[in-house]
Amino acid sequence: MAAHSGEETSPQWKTTIIVSSSLRHHDTTRTLQAQQHRVRWSDSVDPGAVIFPRSGVAFLLVDPQDHPEHLDVSGLIDRTQRFVQVHRNSFLLLYAPFNGKRQMEVLSEIQRSNLRILPVRNSAEIVKGMLTVAKATCKPHVDSIRDRMSLARAHIIESSPVWEMLRDIL
């Protein structure tokens with residue numbers, strides 16, 4: 001008998017993803033396609049954008065090294081703020097090893113804004129982060145998560161010694 005690895009055995013989650021044409025040759029999109037997600041290319045979304053329509057979540061991939069040294073961080077912040085205005089439920093995927101002075105300066109400036117940032121170091125982390133957020137916010141999965149949280153809360157309340165003590169007092 002084969003040993004069970006403890007991983008989920010349900011079928012892999014697949015969805016349609018709208019991806020900026022600027023990411024056509026990026027490792028991230030190759031990984032998404034290899035996982036059999038339906039990738040739709042678009043020239044009309046922001047460069048670096050990845051949108052999950054069923055989940056209502058959008059990601060903007062930014063690599064500080066893609067920006068020349070003379071580019072001030074405010075231009076990057078303006079770009080991300082416009083993205084947030086268009087896509088209310090959005091995240092900034094900040095692609096950098098965070099070990100250079102320039103990357104730390106960019107991260108520090110961006111953190112002053114009210115953006116939700118997922119720092120990522122490689123394509124595997126980009127894909128994992130996007131899919132985790134998108135799946136958790138997708139309609140059938142969000143309902144399942146809400147139900148499980150409700151059951152867990154009820155179980156905690158029922159088995160709480162505080163509640164037992166209160167019941168005894170009443």
Novice: First locate atom CG of Leu151, then atom CD1 of Ile156, and finally report the distance between them rounded to the nearest 0.5 Å.
Specialist: 11.0 Å
Novice: Does Val19 belong to the same Ile/Leu/Val/Met/Phe/Trp/Tyr cluster as Val57, with side-chain heavy atoms less than 4.5 Å apart forming each link?
Specialist: yes
Novice: Under the side-chain contact (heavy atoms from CB on, under 4.5 Å) criterion, do Leu61 and Leu23 qualify, and how do the steps go?
Specialist: CA-CA 9 Å; Leu61 178 60; Leu23 296 174; 4.1 Å; yes
Novice: Considering non-hydrogen atoms only, spot the tightest contact between Ile17 and Pro53 and give its length.
Specialist: CA-CD, 4.5 Å
Novice: What distance do Asp27 atom CG and Leu32 atom CG have between them, rounded to the nearest 0.5 Å?
Specialist: 11.0 Å
Novice: Rounded to the nearest 0.5 Å, how far apart are CZ of Arg79 and CG of Leu60?
Specialist: 4.5 Å
Novice: Heavy atoms, side chains only, cut-off 4.5 Å: are Ile18 and Val45 in contact?
Specialist: yes
Novice: Between Arg38 and Arg40, does a side-chain contact (heavy atoms from CB on, under 4.5 Å) hold up when you go through it step by step?
Specialist: CA-CA 6 Å; Arg38 291 171 297 285; Arg40 303 292 180 248; 4.0 Å; yes
Novice: Return the minimal non-hydrogen interatomic distance between Gly48 and Ser22, and the atom names on each side.
Specialist: N-OG, 2.9 Å
Novice: How close do His37 and Thr15 get, heavy atom to heavy atom, and via which atoms?
Specialist: ND1-N, 3.2 Å
Novice: From Glu125 CD over to Leu93 CG, what is the distance, rounded to the nearest 0.5 angstrom?
Specialist: 10.5 Å
Novice: Among the clusters formed by ILVMFWY side chains lying less than 4.5 Å apart, do Trp13 and Val133 turn up in the same one?
Specialist: yes
Novice: Using a 4.5 Å cut-off on heavy atoms from C-beta on, say whether the side chain of Lys135 contacts that of Ser55.
Specialist: no
Novice: For the residue pair Arg54 and Lys14, what are the closest heavy atoms and their distance?
Specialist: NH1-O, 4.0 Å
Novice: Over all heavy atoms of both residues, which pair between Ala58 and Ile51 is shortest? Give the atoms and the distance, please.
Specialist: CB-CG1, 4.0 Å
Novice: Using side-chain heavy atoms (C-beta onward) and a distance below 4.5 Å, is Leu131 in contact with Gln35?
Specialist: yes
Novice: Within this structure, what is the CZ-NE2 distance for the pair Arg30 and His25, rounded to the nearest 0.5 Å?
Specialist: 8.5 Å
Novice: Please name the pair of heavy atoms, one in Trp41 and one in Ser21, separated by the smallest distance, quoted to 0.1 Å.
Specialist: CB-OG, 4.1 Å
Novice: Roughly how far, to the nearest 0.5 Å, is the CG atom of Leu92 from the CD atom of Gln81?
Specialist: 10.0 Å
Novice: In terms of relative ring orientation, are Phe59 and Phe91 parallel, tilted or perpendicular, with 30° and 60° separating the classes?
Specialist: parallel
Novice: For a 4.5 angstrom cut-off between non-hydrogen side-chain atoms, does Arg116 reach Val84?
Specialist: no
